[in-house]
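A short write-up of the structure that comes next.
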Amino acid sequence: MTPLEKVEALYEELVAWYGEGKDREVRAASKLLMIALLELKEHDRRGWQGLVEDYVRMLNEDPERFRRLIEANHGKSKRSDTDTGHLEDLIA
């Protein structure tokens with residue numbers, strides 16, 4: 001399971017956790033975005049905002065290109081074939 005696939009699985013788990021709550025998909029996505037923004041700021045103090053703005057601009061102006069970028073990141077796992085793909089693997 002690739003890192004992107006793991007994030008998508010975590011997103012689905014968050015959506016399910018919200019049950020039948022209002023705007024559960026948006027709430028789950030916003031939780032992941034909050035964590036991602038904090039990590040970007042912590043590890044790339046100078047260029048993180050420009051990177052986020054580039055992705056947002058691409059999503060608004062060329063959503064098909066953005067979709068291709070996401071799909072390109074669904075490549076093969078760098079781990080061995082013994083990767084179980086369980087959500088427990090997310091904790092590292």
Side-chain angles (χ1 to χ4, degrees):
M1 189 177 243
T2 67
L4 187 59
E5 290 167 333
K6 289 179 181 183
V7 171
E8 290 170 340
L10 180 57
Y11 166 77
E12 293 297 328
E13 186 176 319
L14 283 168
V15 169
W17 184 81
Y18 281 116
E20 297 303 317
K22 182 178 178 187
D23 299 324
R24 62 192 187 136
E25 293 86 359
V26 173
R27 293 173 74 188
S30 68
K31 296 292 189 229
L32 291 174
L33 181 59
M34 288 169 48
I35 292 167
L37 288 172
L38 179 62
E39 291 297 322
L40 280 169
K41 185 176 185 226
E42 290 293 319
H43 297 289
D44 186 18
R45 296 191 186 276
R46 290 172 286 173
W48 71 273
Q49 191 171 359
L51 179 62
V52 170
E53 290 169 358
D54 288 344
Y55 282 136
V56 169
R57 188 177 311 109
M58 184 190 313
L59 185 57
N60 282 324
E61 295 174 2
D62 194 351
E64 185 55 36
R65 180 178 173 213
F66 189 86
R67 182 170 304 284
R68 286 192 311 266
L69 179 66
I70 295 293
E71 289 171 0
N73 281 286
H74 278 106
K76 270 184 130 176
S77 174
K78 293 182 182 179
R79 298 173 77 185
S80 69
D81 291 338
T82 60
D83 183 9
T84 60
H86 295 291
L87 289 178
E88 295 83 26
D89 293 341
L90 290 170
I91 304 170

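FYI, side chains are in, hydrogens and waters are out, and symmetry mates aren't considered; it's all heavy atoms of this structure. Quick caveat, the model's predicted, so the values are computed rather than measured.
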Between the CG atom in L51 and the CZ atom in R46, the distance rounded to the nearest 0.5 Å is 14.0 Å
Separation between CD (E12) and CD (E8), nearest 0.5 Å, reads 8.0 Å
R65 atom CZ, neighbour heavy-atom count above 12 within 6.0 Å: no
Heavy atoms of K22 and R27 approach each other most closely as O-CD, 3.4 Å
Do V56 and L37 belong to the same hydrophobic cluster, where Ile, Leu, Val, Met, Phe, Trp and Tyr are linked whenever their side-chain heavy atoms lie under 4.5 Å apart, directly or via other members? yes
Output for pair (M1 CE, H74 NE2), nearest 0.5 Å, gives 9.5 Å
If you group Ile, Leu, Val, Met, Phe, Trp and Tyr by side-chain heavy-atom gaps below 4.5 Å, do L14 and I35 land in one group?
no
Minimal heavy-atom distance between A29 and Y11, with the atoms involved, is N-CE1, 3.7 Å
Quick check on the hydrophobic clustering: are V7 and L69 connected, directly or via other members, by side-chain heavy-atom contacts under 4.5 Å? no
inquiry  = Would a single hydrophobic cluster contain both L4 and L59, if residues Ile, Leu, Val, Met, Phe, Trp and Tyr are joined by side-chain heavy-atom contacts under 4.5 Å?
reply    = yes
d(H43 NE2, W48 CH2) to nearest 0.5 Å is 13.5 Å
Single-linkage hydrophobic cluster M58~I70, side-chain heavy atoms < 4.5 angstrom:
yes
Check: Would you call Y18 and K31 a side-chain contact if the rule is heavy atoms closer than 4.5 Å?
Finding: yes
Residues pairing under side chain to side chain donor-acceptor pair (under 3.5 Å) where one sits in residues 51-63, two or more places apart or in two chains, turn out to be Q49-E53, D54-R57
